[in-house]
Asks: 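Below you'll find the structure I mean.
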Amino acid sequence: MNKLTSSNMELDLDRPNIEDYLASDSIQEPLGKLRLHDLLDISPTLTEAVGAIVDDSFTRCFKSNPPEPWNWNVYLFPLWCLGVVVRYGILFPVRVLILTIGWIIFLSCYIPVHVLLKGHDKIRNKLERALVELICSFFVASWTGVVKYHGPRPCARPKQVFVANHTSMIDFIILEQMTAFAVIMQKHPGWVGLLQSTILESLGCIWFNRSESKDREIVARKLREHVEGADNNPLLIFPEGTCVNNHYSVMFKKGAFELGSTVCPIAIKYNKIFVDAFWNSRKQSFTTHLLQLMTSWAVVCDVWYLEPQNMKPGETAIEFAERVRDIISVRAGIKKVPWDGYLKYSRPSPKHRERKQQSFAESVLRRLEEK
């Protein structure tokens with residue numbers, strides 16, 4: 001009941017004040033006899049709709065706020081132009097060169113190891129893990145990444161799973177350069193999908209497709225099999241299920257919390273002083289996102305490996321997920337909101353629309369009874 005009250009309070013805080021969007025006389029109750037225009041007055045409903053469009057807590061979770069312009073006078077504009085020349089004319093070519101060298105080194109080592117060491121799985125897996133960590137380090141270097149890791153470095157143990165808040169696919173790269181995680185991830189098209197089906201497959205990663213309903217059962221079975229294996233790479237899950245803009249935390253999916261395993265929270269917080277690391281997959285491809293990072297000054301972030309958590313007696317998987325989300329949100333300094341991130345990919349259900357229609361009809365009947 002306390003959790004429900006807390007969620008409702010957060011929802012009330014995020015709800016826009018309708019009086020800010022309407023003139024004072026537009027929300028006054030009509031006086032006198034009931035007229036046709038009173039019955040057809042839909043201004044409260046329009047007010048609610050406009051308020052939801054202007055300022056709703058769900059949309060804000062997936063919105064990238066552009067930085068405030070600072071090249072606003074004749075003294076700062078030349079410095080801004082110089083910065084553009086340095087970022088695009090000097091840093092970007094150097095970073096492309098670094099990433100190219102990294103791929104040459106990686107592929108020249110990975111292909112022989114993957115092909116020639118078949119039948120020697122233990123040695124091959126160890127070398128492939130080290131090589132994946134290496135290429136991820138080259139990626140971070142290509143952004144001039146300044147990453148501070150806090151807490152003990154993760155190690156491979158059975159019956160444990162790592163969970164982290166999710167801002168971009170670069171979360172995986174930043175965590176992977178320290179530890180070769182096996183990650184559960186949405187299947188992507190293009191060159192990212194090619195990497196998933198070849199290189200990352202060697203880490204024991206698990207892929208899913210949101211449009212396939214059968215994938216849920218398959219993924220759940222693979223998760224249980226993976227956490228039971230003593231020699232498997234540590235399993236990393238982003239339980240929000242989608243990228244959020246690093247200011248908010250949406251509801252965690254309960255799948256990672258009903259495996260009967262120890263859950264190790266990881267909090268990731270990006271500093272937007274040089275670039276916003278949030279990837280809005282609906283507005284830009286991952287290639288465009290990487291180019292944005294490589295033409296910025298630097299990617300700055302903190303990563304905290306937090307104290308492992310176990311399910312308490314009598315605690316449900318949903319309550320366990322919310323408790324871990326509390327821990328991550330407090331450490332990363334992000335705000336919890338009571339939304340399911342999958343609403344980003346789907347329309348509101350017919351039941352929700354019917355409830356709103358019924359609520360509107362009841363308000364009209366109340367006004368009729370009052371008159």
Side-chain angles (χ1 to χ4, degrees), residues 1-11 13-14 57-58 60-62 147-168 170-172 174-176 178-179 181-185 223 226-227 234-272 277-278 300-342:
M1 180 63 71
N2 291 335
K3 293 181 180 294
L4 183 60
T5 304
S6 176
S7 298
N8 291 334
M9 290 176 63
E10 290 178 4
L11 195 59
L13 290 174
D14 281 336
S57 60
F58 178 75
R60 289 202 302 266
C61 297
F62 310 101
V147 186
K148 293 182 180 179
Y149 296 92
H150 310 269
R153 179 173 176 173
C155 57
R157 293 177 182 173
K159 301 290 289 183
Q160 73 173 6
V161 58
F162 292 81
V163 298
N165 58 305
H166 196 24
T167 304
S168 168
I170 71 169
D171 300 337
F172 167 71
I174 287 174
L175 296 176
E176 197 76 8
M178 286 289 289
T179 304
F181 287 106
V183 69
I184 173 172
M185 187 185 299
L223 287 178
H226 189 98
V227 297
L235 182 63
L236 172 65
I237 299 177
F238 298 105
E240 289 173 302
T242 186
C243 295
V244 189
N245 65 5
N246 213 224
H247 291 291
Y248 297 90
S249 170
V250 298
M251 292 170 58
F252 281 7
K253 305 294 179 294
K254 65 178 183 178
F257 303 91
E258 54 187 7
L259 298 174
S261 303
T262 299
V263 175
C264 304
I266 302 176
I268 306 173
K269 181 65 176 179
Y270 291 93
N271 191 328
K272 294 176 60 176
F278 170 58
V300 182
C301 79
D302 288 272
V303 176
W304 290 273
Y305 298 108
L306 304 175
E307 184 178 354
Q309 303 293 320
N310 290 289
M311 184 179 289
K312 296 179 179 179
E315 190 176 37
T316 66
I318 295 177
E319 292 171 341
F320 187 22
E322 285 299 297
R323 180 161 61 86
V324 173
R325 184 160 75 113
D326 285 336
I327 295 172
I328 292 176
S329 300
V330 170
R331 178 64 274 183
I334 54 182
K335 183 179 179 181
K336 287 179 57 181
V337 291
W339 299 116
D340 186 343
Y342 276 4

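Predicted model, so just to flag it, every value in this text is computed and none were measured.
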Asks: Are side-chain heavy atoms of Ile328 and Phe252 found at a separation under 4.5 Å?
Replies: yes

Asks: Can any side-chain N or O of Arg153 pair as donor or acceptor with the backbone N or O of Met178 at less than 3.5 Å?
Replies: yes

Asks: Quick one: closest heavy-atom pair of Cys243 and Phe278, and the distance?
Replies: O-CE1, 3.5 Å

Asks: What's the shortest heavy-atom distance between Ala317 and Met311, and which atoms?
Replies: CA-CE, 3.9 Å

Asks: Going by heavy atoms in the side chains, are Ser249 and Ser329 under 4.5 Å from each other?
Replies: yes

Asks: Which side-chain N or O atoms in residues 302-309 pair as donor and acceptor under 3.5 Å with protein atoms at least two apart or in another chain?
Replies:
| residue | atom | partner | partner atom | Å |
| --- | --- | --- | --- | --- |
| Asp302 | OD1 | His150 | NE2 | 2.8 |
| Gln309 | OE1 | Arg323 | NH1 | 2.9 |
| Gln309 | NE2 | Glu307 | O | 3.1 |

Asks: Any idea which heavy atoms bring Glu240 and Val244 closest together, and the distance?
Replies: OE2-CG2, 3.7 Å

Asks: Any donor and acceptor pair, going by atom type alone, linking the side chain of Arg325 with main-chain N or O of Asn165 inside 3.5 Å?
Replies: no

Asks: Roughly how far, to the nearest 0.5 Å, is SG of Cys264 from CG of Leu235?
Replies: 10.5 Å

Asks: Indicate yes or no: at least one non-hydrogen side-chain atom of Lys159 is less than 4.5 angstrom from one of Thr262.
Replies: no

Asks: Within a strict 4.5 Å, meaning less than it, do heavy atoms of the Ile174 and Ile268 side chains meet?
Replies: no

Asks: What distance do Glu315 atom CD and Glu322 atom CD have between them, rounded to the nearest 0.5 Å?
Replies: 10.5 Å

Asks: Do you know the tightest heavy-atom contact between Ser168 and Ala277?
Replies: CB-O, 3.2 Å

Asks: Verify the distance criterion only: is there a donor paired with an acceptor across the side chains of Tyr270 and Asn245 at less than 3.5 Å?
Replies: no

Asks: For Ile318, look at atom CD1 and say whether over 12 heavy atoms of other residues, nucleotides or ligands are found less than 6.0 Å away.
Replies: no

Asks: What are the two closest non-hydrogen atoms of Ala256 and Val161, and how far apart are they?
Replies: O-CG1, 3.8 Å

Asks: Return the CD to CG distance between Gln160 and Leu259, rounded to the nearest 0.5 Å.
Replies: 12.5 Å

Asks: Can you tell me how far apart OG1 (Thr242) and NE2 (His166) are? Round to the nearest 0.5 Å.
Replies: 7.0 Å

Asks: Could you tell me whether Glu319 and Lys312 make a salt bridge, using a distance below 4.0 angstrom between a side-chain N and a carboxylate O?
Replies: no

Asks: For Lys272 versus His247, what's the shortest heavy-atom pair and its separation?
Replies: NZ-NE2, 3.5 Å

Asks: Would you say that more than 12 heavy atoms from the other residues, nucleotides or ligands in this model lie under 6.0 Å from the NZ of Lys254, or not?
Replies: no

Asks: With a 4.5 Å limit on heavy-atom distance, are the side chains of Val250 and Tyr248 in contact?
Replies: no

Asks: Hey, what do you get for CD1 (Ile266) to CZ (Phe238), rounding to the nearest 0.5 Å?
Replies: 8.0 Å

